[in-house]
Asks: 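Questions regarding the structure given below will be posed in turn.
Numbering of residues begins at 1 and proceeds along the displayed sequence. It should be emphasised that the depicted structure is a prediction, and the values quoted were computed from it without experimental measurement. Hydrogens, waters and symmetry mates are skipped; everything else that's a heavy atom, side chains included, is used.
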Amino acid sequence: MSEHAPSLLGLALLVLGPFFILSILAFWAMFRFWGPVAAELGVSVVDRSVSRRVILRGMTGAPDALQRKVQKCRWVFAGVYAGFFGCILFLLGMGGFLFLLGCFALSAVLSRPYVFEGVHK
């Protein structure tokens with residue numbers, strides 16, 4: 001084997017390193033940005049149904065202060081998703097990227113915005 005060939009550990013770090021970093025960033029964003037919104041809505045931070053609806057499609061009928069928090073949260077997650085899709089494009093190529101983008105777009109299209117009904121605290 002050539003001395004210039006990447007080691008198995010180096011290859012694993014090249015492939016899994018960006019996903020690990022982005023996963024930590026998504027975990028941090030979930031509690032830093034989604035946590036305050038979830039608290040105001042009276043739902044759990046890990047309620048995936050509500051978080052998916054709010055992050056992908058937004059919220060209707062909410063006060064301006066809450067709308068600003070939601071918008072900031074959506075921008076942060078848009079950046080995290082863009083990072084994941086960049087890694088997918090690098091690792092799987094255009095076919096894998098388009099397939100996952102189609103699944104993501106289908107999820108976003110089939111979600112409906114969260115309707116704010118007042119303080120749930």
Asks: Tell me every residue that passes side-chain contact (heavy atoms from CB on, under 4.5 Å) with F31, counting only those two or more places apart in sequence or in another chain.
Replies: F27, V45

Asks: Provide the closest heavy-atom pair for R53 versus V115 in the form atom of the first, atom of the second, distance.
Replies: NH2-N, 4.3 Å

Asks: For the hydrophobic clusters of this structure (ILVMFWY residues joined by side-chain heavy atoms under 4.5 Å, transitively), does one cluster hold both I24 and L22?
Replies: no

Asks: Does CZ belonging to F99 count more than 12 external heavy atoms closer than 6.0 Å?
Replies: no

Asks: Looking at L56 and R74, what are the two nearest heavy atoms and their distance?
Replies: O-NH2, 3.2 Å

Asks: Test side-chain contact (heavy atoms from CB on, under 4.5 Å) on V43 and V37 and set out the steps.
Replies: CA-CA 9 Å; V43 297; V37 174; over 6 Å; no

Asks: With Y81, which residues qualify under ring pair (Phe, Tyr, Trp, His ring centres under 6.0 Å), at least two apart?
Replies: F104

Asks: Would the distance check show the side chain of R57 and the main-chain N or O of Y114 forming a donor-acceptor pair, the cut-off being under 3.5 Å?
Replies: no

Asks: Is it the case that one hydrophobic cluster holds both F90 and L25, taking links as side-chain heavy atoms less than 4.5 Å apart, direct or via other members?
Replies: yes

Asks: Quick one: are F97 and L92 in side-chain contact, heavy atoms under 4.5 Å?
Replies: no

Asks: Let me check something: do L89 and L98 share a hydrophobic cluster, defined by ILVMFWY side-chain heavy atoms less than 4.5 Å apart, either directly or through other members?
Replies: yes

Asks: Answer whether the closest heavy-atom distance between the side chains of I88 and L101 falls below 4.5 Å.
Replies: no

Asks: Enumerate the residue pairs fulfilling side-chain hydrogen bond (donor to acceptor under 3.5 Å, both in side chains) with a member in residues 87-112, sequence neighbours excluded, ordered by first and then second residue.
Replies: R52-S111

Asks: Suppose the criterion is side-chain hydrogen bond (donor to acceptor under 3.5 Å, both in side chains): which pairs have a residue in residues 60-70, not counting sequence neighbours?
Replies: E40-K69

Asks: Filter on ring-ring contact (aromatic ring centres under 6.0 Å, His included), then keep only pairs touching residues 33-60, sequence neighbours left out; what's left?
Replies: W28-F33

Asks: Which Ile, Leu, Val, Met, Phe, Trp or Tyr residues join L106 in one cluster when any pair of side-chain heavy atoms under 4.5 Å counts as a link?
Replies: L110

Asks: Got R32 and C73 here, is their nearest side-chain heavy-atom distance under 4.5 Å?
Replies: no

Asks: Transitively linked via ILVMFWY side-chain contacts under 4.5 Å: F85 with L91?
Replies: yes

Asks: Tell me the closest heavy-atom pair linking C87 and P18, and the distance in Å.
Replies: SG-CB, 3.4 Å

